[in-house]
2 protein chains.
Amino acid sequence: MTTPLPVVGEPRMDLPAPDVADAAALAGLLADRTRAGILRMLADGPHCVCEMAAALGERDNNVSNHLARLRDAGLVRAVRHEANARFLYYERDEAAVAAARDQLLAVLG
Amino acid sequence: MTTPLPVVGEPRMDLPAPDVADAAALAGLLADRTRAGILRMLADGPHCVCEMAAALGERDNNVSNHLARLRDAGLVRAVRHEANARFLYYERDEAAVAAARDQLLAVLG
DNA sequence: ATGACATATCAGCTGTGCGTGTGATGTTCA
DNA sequence: TGAACATCACACGCACAGCTGATATGTCAT
């Protein structure tokens, strides 16, 4: 618990800069309707690109583009369909997602 | 708990679109180094604009600009210093911040 | 009153990210 | 083999968001 309120005294001009670079970068990934929708859908289990594109009302290549960003960030990974190798299914990396959640909570905490 | 994995069967092209508009908008507010830094600093108590600008290495008017965005979103509010009304201290609206956190957790959950 | 300070507001420039289009790769089925 | 499909990678154009600089408003000291 830190000092709750009483605003008195002089401003302190020597406060340390908070480290929020990672959290801001993560928030940037969530700050898009399509990417946020992807992560939300993948919370319920794996989905292929065409499924998500249909649900989100976006084109396949657009969704694929956003998936590439999430993949580069390590939040999701791709797995080929067992019987139908045509379809590429994406699933969340739950460990990475949990780490991302912690980063954001360190800011909103 | 939903189906964990077994990727089999045909893609379902009739999945509902997840509602992530609010979460994406909120993430957009966090997706900036300056705004994220502000929210992080205000987690420890109120601060005036000049304090935060100094700590973040940004100009006063720039920080003021970002504060206006956070204020419009209801995440922070301004209070005049009791003894020195020159200084405008900002504090977090904890209820709004908690609601924002829940929105984001609904995506990362 | 006057000047210094703290903050807000607005206009303009610039960079960046999103959506799109296109071509390439790999898979299935006829 | 060849056609249709699923996905990826890359480049282009455009809209938007952030930084800056100038100006405006309010507050304190002298």
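Side chains are part of it too, since the values below use all heavy atoms of this structure and drop only hydrogens, waters and symmetry mates. Per chain, numbering begins at 1; letters A, B, ... match sequence-line order. Everything numeric here is computed off the predicted structure, so don't read it as measured data.
Contact check, Asn62(B) against dC19(D): a side-chain N or O comes under 4.0 Å of OP1 or OP2. OP1 or OP2 of dA8(C) has at least one side-chain nitrogen or oxygen of Ser64(B) nearer than 4.0 Å. Of the side-chain N and O atoms in Arg35(B), one or more sit less than 4.0 angstrom from OP1 or OP2 of dG18(D). In terms of phosphate contacts, Arg69(A) brings a side-chain nitrogen or oxygen within less than 4.0 Å of OP1 or OP2 of dC18(C). A sub-4.0 Å separation between OP1 or OP2 of dG19(C) and a side-chain N or O of Arg59(A) is absent. Distances shorter than 4.0 Å separate some side-chain N or O of His66(A) from OP1 or OP2 on dG19(C). Put simply, Arg80(A) has no side-chain N or O that comes within less than 4.0 Å of OP1 or OP2 on dT27(C).
Side-chain atoms of Asn61(A) and base atoms of dG21(C) include a donor and an acceptor less than 3.5 Å apart.
Judged purely by atom type and a 3.5 angstrom limit, Arg12(A) has no side-chain atom pairing as donor or acceptor with the backbone of Glu51(B).
Of the candidate nucleotides dC19(D), dA9(D), dT7(D), dC19(D) has the atom nearest to the side chain of Glu58(B). In the set dA8(C), dA9(D), dC19(D), the nucleotide with an atom closest to the side chain of Thr34(B) is dC19(D). Considering only side-chain atoms of Asp32(A), the nucleotide from dA8(C), dA6(C), dG19(C) that sits closest is dG19(C). Side chain of Asn65(B), nearest nucleotide from dG18(D), dT20(D), dA8(C): dT20(D). Side-chain proximity of Arg86(B) to dT7(D), dT27(D), dT28(C): nearest is dT27(D).
Scanning all heavy atoms of the two residues, the minimum distance from Leu29(A) to Arg35(A) falls at O-NE, 2.7 Å. Scanning both residues, Cys50(B) and Pro11(A), for their nearest heavy atoms gives SG-CB, 4.0 Å. His66(A) approaches Thr34(A) most closely through the heavy-atom pair CD2-CG2, 3.6 Å. Smallest separation of non-hydrogen atoms from Ala53(A) and Asp60(A): CB-OD1, 3.1 Å.
Rounded to whole Å, atom C1' of dC8(D) lies 18 Å from atom OH of Tyr89(A). Whole-Å rounding puts the Leu88(B) CG to dG26(D) C1' distance at 11 Å. Rounded to whole Å, the distance from CG on Leu30(A) to P on dG17(C) is 15 Å. Counting to the nearest Å, the C1' atom of dG26(D) and the NE2 atom of His81(B) are 16 Å from each other. For Arg33(A) and dC16(D), the CZ to C1' distance is 17 Å, given to the nearest whole Å. One interatomic measurement links the two molecules: CZ of Phe87(A) to C1' of dC8(D), which rounds to 16 Å at whole-angstrom precision. If you measure from atom CD of Glu51(B) to atom C1' of dC5(C), you get 15 Å, rounded to the nearest angstrom. Look at CG on Leu67(A): it is 11 Å from P on dA9(D), rounded to the nearest Å.
Nearest-nucleotide mapping onto DNA chain C: of Ala85(A) and Tyr90(B), the residue sitting toward the 5' end is Tyr90(B).
A distance of 13.0 Å separates OH in Tyr90(B) from CG in Leu75(B), rounded to the nearest 0.5 Å.
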